[in-house]
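Inspection log for the structure reproduced underneath, given as structure tokens.
Keep in mind it's a predicted model, so treat the numbers as computed, not measured.
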Amino acid sequence: MTPDNNSPQAVLELENLTKLYKNGRGAEDISFALAPGEVLGLLGPNGSGKTTTMKAIAGLVQITHGRARVCGIDVSEHHEEAMKHTGCLIEAPALYEHMTAYQNIKLAARFYDSIDEARIDEVLVMVEMEKYKKDKVASFSMGMRQRIGMALALLSKPELLILDEPANGLDIEGMIYVREVVRKSAEEGAAVLISSHLAHEIEQCATKAAIIYGGKLLCVESMDAILASSPSLEDFFLAQVSKTRQSE
């Protein structure tokens, strides 16, 4: 599968991106492009390669072969420059337990040139954690930690927002909040890559979906096209997986 990666509009371009671990698992030959305002939902079961793909994009694991570019910048060759355009929440957020919510975000702000205290307060409001800003992270629930992780991802107003299973640990209101953050980020021009093993969550917020299974990308389709051909994204996913199994 070869995406139209020559578009000057692409915020994220993956070209046969592969990361394989010693046990042979990982993600292999992943290719797609993501433009400003698009939300791509990476859908697959646990262990299908979603997090590996995201870690490779973020430079958290070394790419075996292939390329990842953010705003035209090769992630492997110019990692720091590429990450200036990227906000990530991958797996559990790395937080300092003994520090407050505000202190954790302020510490992260030091890595950027133009983040002031007003922006820190702004993201705390965005994730509905402003009233807990002086509380230590050690006292936070999993959902509260996830919200602080979201604040860290949004802090720099990134052009590419990567969210790995962001609804983990959140209640129904929290999941609705995640959808709203994704929608607003896209409306403001960000390209959003979001993963989930829950088809309904992807269907609710994505403009297109990428089906990943067994470390392989099965297809990338617009959500409109998917729902025109199938009753739901879940049905579409099951049909794609069934075709793959039959061809093995």
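In this structure, the side chains of Leu40 and Val220 come closer than 4.5 Å at one or more pairs of heavy atoms. The side-chain heavy atoms of Thr51 and Ile90, taken from C-beta on, include a pair separated by under 4.5 Å. Put simply, the side chain of Pro45 does not reach to within 4.5 Å of the side chain of His197, judged on heavy atoms. In this structure, the side chains of Glu159 and Val70 stay at 4.5 Å or more apart for every pair of heavy atoms. Side-chain contact check for Glu28 versus Thr18: some heavy-atom pair is nearer than 4.5 Å. Between Phe237 and Ile202 there is no side-chain heavy-atom pair separated by less than 4.5 Å.
Arg145 places a side-chain N or O within 3.5 Å of a backbone atom of Phe140 that can act as its donor or acceptor partner. A distance-only check finds no donor-acceptor pair linking the side chain of His79 to the backbone of Leu60 [under 3.5 Å]. Checked by atom type and distance alone, the side chain of Lys50 pairs as donor or acceptor with a backbone atom of Gly44 at under 3.5 Å. Side-chain atoms of Ser229 come within 3.5 Å of backbone N or O of Ile226 as a donor-acceptor pair. Judged by distance alone, with hydrogens and angles left aside, the side-chain atoms of Glu91 form no donor-acceptor pair with the main-chain N or O of Asp164 at under 3.5 Å. Here the side chain of Ser114 pairs no donor or acceptor atom with the backbone of Tyr112 at under 3.5 angstrom.
Linking Ile, Leu, Val, Met, Phe, Trp and Tyr whenever their side-chain heavy atoms come within less than 4.5 Å leaves Val125 and Val123 in two separate clusters. With hydrophobic clusters built from ILVMFWY side chains whose heavy atoms lie under 4.5 angstrom apart, Met129 shares a cluster with Ile115. If you chain together hydrophobic residues whose side chains sit under 4.5 Å apart, Leu198 and Val192 never meet in one group. Leu12 and Ile73 sit in two unconnected hydrophobic clusters of ILVMFWY residues. Membership requires side-chain heavy atoms under 4.5 Å apart, directly or through other members. Linking Ile, Leu, Val, Met, Phe, Trp and Tyr residues whenever their side-chain heavy atoms come within less than 4.5 Å leaves Tyr96 and Phe111 in two separate clusters.
The environment of Lys216 atom NZ is sparse: at most 12 non-hydrogen atoms of other residues, nucleotides or ligands sit within 6.0 angstrom. Counting heavy atoms of neighbouring residues, nucleotides and ligands inside a 6.0 Å radius, atom CD of Gln62 does not exceed 12 of them.
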Go through Phe236 and Leu43 one step at a time and tell me if the side-chain contact (heavy atoms from CB on, under 4.5 Å) criterion holds.
CA-CA 11 Å; Phe236 180 82; Leu43 176 64; over 6 Å; no

Taking it one step at a time, do Tyr177 and Arg147 satisfy side-chain contact (heavy atoms from CB on, under 4.5 Å)?
CA-CA 10 Å; Tyr177 144 78; Arg147 286 175 183 263; 3.8 Å; yes

Intermediate values then yes/no, side-chain contact (heavy atoms from CB on, under 4.5 Å), Tyr102 and Glu117
CA-CA 9 Å; Tyr102 186 90; Glu117 293 189 1; 3.3 Å; yes

Trace of the side-chain contact (heavy atoms from CB on, under 4.5 Å) decision for Lys84 with Glu81
CA-CA 5 Å; Lys84 288 181 180 178; Glu81 187 65 27; 3.5 Å; yes

Result block: side-chain N/O donor-acceptor pairs under 3.5 angstrom for residues 130-139, not counting sequence neighbours:
from	atom 1	to	atom 2	distance (Å)
Lys133	NZ	Asp121	OD1	2.7
Ser139	OG	Lys136	O	2.8

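Nearest heavy atom pair, residue Pro93 against residue Gly149, reads CB-CA, 3.6 Å. Here the closest heavy-atom approach between residue Ala191 and residue Ala35 is recorded as CB-O, 3.4 Å. Closest of all the heavy-atom pairs between Ala209 and Leu233 is CB-CD1, 4.1 Å. Scanning both residues, Glu38 and Ala33, for their nearest heavy atoms gives OE1-O, 4.1 Å. Across all their heavy atoms, Leu154 and Met126 have their closest contact at CD1-CE, 3.8 Å. The minimum heavy-atom distance between Ile63 and Ala68, with the atom names listed, is CD1-CB, 4.1 Å.
Screening Glu203, Glu173, Glu201 for a salt bridge (charged side-chain N to carboxylate O under 4.0 Å, His left out) involving Arg179 leaves a single residue, Glu201.
Residues Ser242 and Gln246 bring a donor and an acceptor atom of their side chains to less than 3.5 Å of each other. Side-chain contact annotation: His200 with Glu234, donor-acceptor N/O pair under 3.5 Å absent.
One finds a salt bridge joining Glu122 and Arg119 here, because a Lys/Arg side-chain nitrogen approaches an Asp/Glu carboxylate oxygen to under 4.0 Å. Ion pairing of Arg69 with Glu15 is present here, as a side-chain N (NZ or NE/NH1/NH2) and a carboxylate O approach within less than 4.0 Å. Ion pair Arg183/Glu187 flagged as a salt bridge, since at least one NZ, NE, NH1 or NH2 atom sits closer than 4.0 Å to an Asp/Glu carboxylate oxygen.
Expressed to the nearest 0.5 Å, how far CG of Leu124 lies from CD1 of Ile148 amounts to 5.5 Å. For the atom pair CD1 (Ile57) and SG (Cys88), the distance works out to 8.5 Å, reported to the nearest 0.5 Å. Atom-to-atom distance recorded for Gln240:CD and Leu218:CG is 6.5 Å, nearest 0.5 angstrom. Atom-to-atom distance recorded for Leu14:CG and Ile30:CD1 is 8.0 Å, nearest 0.5 angstrom. To the nearest 0.5 angstrom, Ile105 atom CD1 is 7.0 Å from Ile120 atom CD1. For the atom pair OH of Tyr21 and OG1 of Thr64, the computed distance is 8.5 Å after rounding to the nearest 0.5 Å.
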